[in-house]
2 protein chains.
Amino acid sequence: MAKHDPDLSLLFHALADETRRSILSRLAEGPAPVSKLAGPTGLRLPTVMRHLSVLEAAGLIATTKDGRIRTCAIVPEALSPVRTWLDEQRAIWEARLDRLDTYVTKATKERAK
Amino acid sequence: MAKHDPDLSLLFHALADETRRSILSRLAEGPAPVSKLAGPTGLRLPTVMRHLSVLEAAGLIATTKDGRIRTCAIVPEALSPVRTWLDEQRAIWEARLDRLDTYVTKATKERAK
DNA sequence: GCTATAGTTAGCATCATGGCTAAGCATGAT
DNA sequence: ATCATGCTTAGCCATGATGCTAACTATAGC
């Protein structure tokens, strides 16, 4: 039960913050420099920088520095582990629900005898 | 850019922990009492209890107390907001990639003239 | 070279999180 | 009535997350 998916923890943690999600939404419209991202948040630059670090550490964004401007861009495939995990869980949960449903149906029939 | 989806933050935060995800996986096989959940984690009961509280606050599990045993069960539909958000993001990101692709293609053709 | 701009780094305050132990309470078994 | 079981509460400690200010670096423009 130790450390199975450090990735997933990083990803979920990065997504667990409204500010970071809003930054992602903003970036969905296209790459942007740090200050443009900071603007709408109402937060100070260093604070936004740290949010960006978290996003980058999770692999959700990539940044490149050109002159004195750092441009941030989304990494679209970064969400796939999350999606995969979600799909797995849904599969298992629904399979169980089916079994439970079957069981209940059978039990009900039994009782009806 | 204020508080849009407190739910999403709760959900993502609940999922951002390996222990909690493993508890969910365990619960996917069927409802279980608190002690049965605590066992595999190697953590103490109070600690597990708090993980369960987090999961319950996020709506991911539901618990009922029968006698002195509290039974925990998964809430299958709880993941749908996450799924929805993910789908939205993918849609936007991919749309943008398509536009970018179109642009690049066009630009390349232009250059080829 | 000087100045404004864009990030960056360092350091601090505060609160949340994740773990623990110890003690308490309610219920089931004897 | 007593005791074991299963959970719960209270409280502590260490660490990490989130915000800030202030000071620093590095580039662009003049």
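Reckoned from all heavy atoms, side chains included, excluding hydrogens, waters and symmetry mates.
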Show me, pair by pair, the donor-acceptor contacts under 3.5 angstrom made by side chains of residues 48-66 of chain A, not counting sequence neighbours?
residue: A:His51; atom: ND1; partner: A:Arg20; partner atom: NH1; Å: 3.1
residue: A:Ser53; atom: OG; partner: A:Met49; partner atom: O; Å: 2.9
residue: A:Glu56; atom: OE2; partner: A:Thr63; partner atom: OG1; Å: 3.2
residue: A:Thr63; atom: OG1; partner: A:Arg70; partner atom: NH1; Å: 2.8

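For A:Met49 and D:dC24, the CE to C1' distance is 14 Å, given to the nearest whole Å. When the P atom of D:dA17 is taken as reference, atom CZ of A:Phe12 falls 17 Å away, rounded to whole Å.
Here B:Arg90 pairs with nothing under the side chain to side chain donor-acceptor pair (under 3.5 Å) rule; sequence neighbours left out. With sequence neighbours excluded, the residues satisfying side chain to side chain contact (heavy atoms under 4.5 Å, CB included) with A:Arg44 are A:Pro46, A:Thr47. For B:Arg68, there are no salt bridge (Lys or Arg N to Asp or Glu O under 4.0 Å) partners, not counting sequence neighbours. In terms of the side chain to side chain contact (heavy atoms under 4.5 Å, CB included) criterion, residue partners of B:Ala32 (sequence neighbours excluded) are, by chain and number, B:Arg26, B:Leu27, B:Lys36, B:Leu37.
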Practice item. Spell out protein contact along nucleotides 15-30 of chain C as letters: B when the base is contacted, S when just the sugar-phosphate is, - when no protein heavy atom is under 4.0 Å; keep the 5' to 3' order. Key: --SBBBBB----BS--

